[in-house]
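Structure, as structure tokens:
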2 protein chains.
Amino acid sequence: MPVAPLFRPIDVAPAYQKVADAIEREIVNGRIKPGDPIGTEHDLVRQFGVNRSTIREGIRVLEEGGLIRRDSSRRLHACLPRYSKLASRLSRALVLHEVTFRELYEASMTLEVASIEGAVERATEDNIAELDDNLARSEAVVGDPAMLAECDAEFHVLVAKASQNRVLQLAREPAAQLFYPTTEVIVTGVAEGGPRLVAAHRHLIDAIRRRDREAGVLWTRRHLQDWRRGFEKIASLDRSVEHMYMEHAQAARRR
Amino acid sequence: MPVAPLFRPIDVAPAYQKVADAIEREIVNGRIKPGDPIGTEHDLVRQFGVNRSTIREGIRVLEEGGLIRRDSSRRLHACLPRYSKLASRLSRALVLHEVTFRELYEASMTLEVASIEGAVERATEDNIAELDDNLARSEAVVGDPAMLAECDAEFHVLVAKASQNRVLQLAREPAAQLFYPTTEVIVTGVAEGGPRLVAAHRHLIDAIRRRDREAGVLWTRRHLQDWRRGFEKIASLDRSVEHMYMEHAQAARRR
DNA sequence: TTCTGTCCCTTTGTCCGACAAAGCTAGAGC
DNA sequence: GCTCTAGCTTTGTCGGACAAAGGGACAGAA
């Protein structure tokens, strides 16, 4: 017969974890604001009363979580986690779970349509200017699949940004990061791919400017369906995404 | 005048980072499969030819990224990153970016509707059985806001799972984790909240079983609108989410 | 004046060696 | 066959050490 629960489990986290938790708490509840210095490792040694090795392990945890960074001079300071970095962890996880391009496509359809709807409704002049700038650059590199794919990825980030919804911005990022490397392959393989891509972007900006929701959704769907058709020429939608990811991961590491 | 960029920055990653990268590469490209042991720290010291402290810093990075874990006996092994753990990093980031409940609500509306559409289309018998089980437990705790909120969170995880789309599953998680703690507050504050919540779940399961997409979407919208109305009774949608998060983070830490 | 080279101090990245606590393993004893 | 105990291994932590690199101050050169 199990005894009645008299005691709660004791918190026996290792010291490095407690260090990380303590610093995280101060950042999340705002006592340490993004940009504030954390102090040197030696400072933390004094404050927490543990060895420097222990402090350093705790710092690694926070660094990987995106809560703190080292600036050019390697000093520690708190920072706002960057969506793209966090999303790359998720992308990696999706790869390990061997998600298929079909899943990626379906989710992206939902998320990109939601993005454009938000953008049509709430894009500012600045947002539109950024999109125009991106379009100009895309047109200049329409013959270079790698550069064009990069522009395309940035375009959709800008659309999401224009939606003024950061939750959406973050939610779409992991799928988009896995999409992106395939775009280059597709544009390379499909003759009309580049110009069609740029044309779709032009229509999307136009829809945002005219606050024309129908047109925005329509062209987003077409744009993604183009991607899908291009993809189906080179592989099955039920393929999982490992190989595409490996290239992308290498590129991210160079950044 | 700035000089033209002639050279690229040299890759001078510290040793602990290289250790982490090397192990990550082996896991992502599948040479180390989830569940495989990584070896002891001493093994890694021999293989990489660096000090144990350096190895340990690399291990912390991978651990935080969810790629490796220590089992009950603290031995290292590779593992599939868990969505809920990764998502909690994103939730934390959203809090730090001070997203509003309006953003959360909008994004969730999109993501939950997409989930139910997928579930209506592709839910298996097992998925429906899990949902039924969840409903039964929800009915049993309808008077206990904390337990009911927990059941509600699980219900929506199960719906997303039934959509058979893991990208969607992952994309909705961060927003859902921030939603969850508010549900308890709302159910506590609104007399009819509990029963309405359970009724909505019942209609949703019914829609999934009958493959009735319209009904699924309709009841998902109503369910979320209920949440919104409840929330607006206690706070403005334009509030950001810190305070709600703090409670949730503490609960997560106990887990 | 503005740039460059130098010296010094601080900080980080890495290494070495050490030890207690907790898990695992293999016999000893029943 | 089972339990128990004495090792051995592994992790978490500690203390101290040192080279490399950054920052700052300062002197000298163009």
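Throughout, protein chains are lettered first and strands after them, A, B, ... in sequence-line order, and every chain is numbered starting at 1.
What you find for B:Glu41 and B:Ile59 is that their closest heavy atoms are CG-CD1, 4.0 Å.
A:Thr100 meets the side-chain hydrogen bond (donor to acceptor under 3.5 Å, both in side chains) test with A:Glu103; sequence neighbours excluded. B:Gln47 pairs by the side-chain hydrogen bond (donor to acceptor under 3.5 Å, both in side chains) definition with nothing, not counting sequence neighbours. Listed by chain and number, the residues in a side chain to side chain contact (heavy atoms under 4.5 Å, CB included) with A:Ser53 are A:Asn51 (sequence neighbours excluded). Shown here are the side-chain hydrogen bond (donor to acceptor under 3.5 Å, both in side chains) partners of A:Tyr83, two or more places apart in sequence or in another chain: there are none.
Rounded to whole Å, the distance from CZ on A:Arg70 to C1' on D:dA21 is 13 Å. In this structure, B:Leu76 places its CG atom 18 Å from P of D:dT9, rounding to the nearest Å. Per the geometry, CZ belonging to A:Arg69 stands 17 Å off P belonging to C:dT12, to the nearest Å.
Residues A:Glu184 and A:Val187 have side chains not in contact (no heavy-atom distance under 4.5 Å, counting atoms from C-beta outward).
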So which protein nitrogen or oxygen atoms get under 3.5 Å of nucleotides 22-26 of chain C's nitrogens or oxygens?
| from | atom 1 | to | atom 2 | distance (Å) |
| --- | --- | --- | --- | --- |
| C:dC24 | OP1 | B:Ser73 | OG | 3.4 |

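For B:Arg60 and D:dT11, the shortest distance from a side-chain N or O to OP1 or OP2 is not below 4.0 Å.
Judged by distance alone, with hydrogens and angles left aside, the side-chain atoms of A:His201 form no donor-acceptor pair with the main-chain N or O of A:Leu131 at under 3.5 Å.
Annotation: proximity of residues 40-59 of chain A to DNA chain D (heavy atom, distance under 4.0 Å) is found for A:Val50, A:Asn51, A:Arg52, A:Thr54, numbered in ascending order.
Ion pairing of B:Arg137 with B:Asp133 is present here, as a side-chain N (NZ or NE/NH1/NH2) and a carboxylate O approach within less than 4.0 Å.
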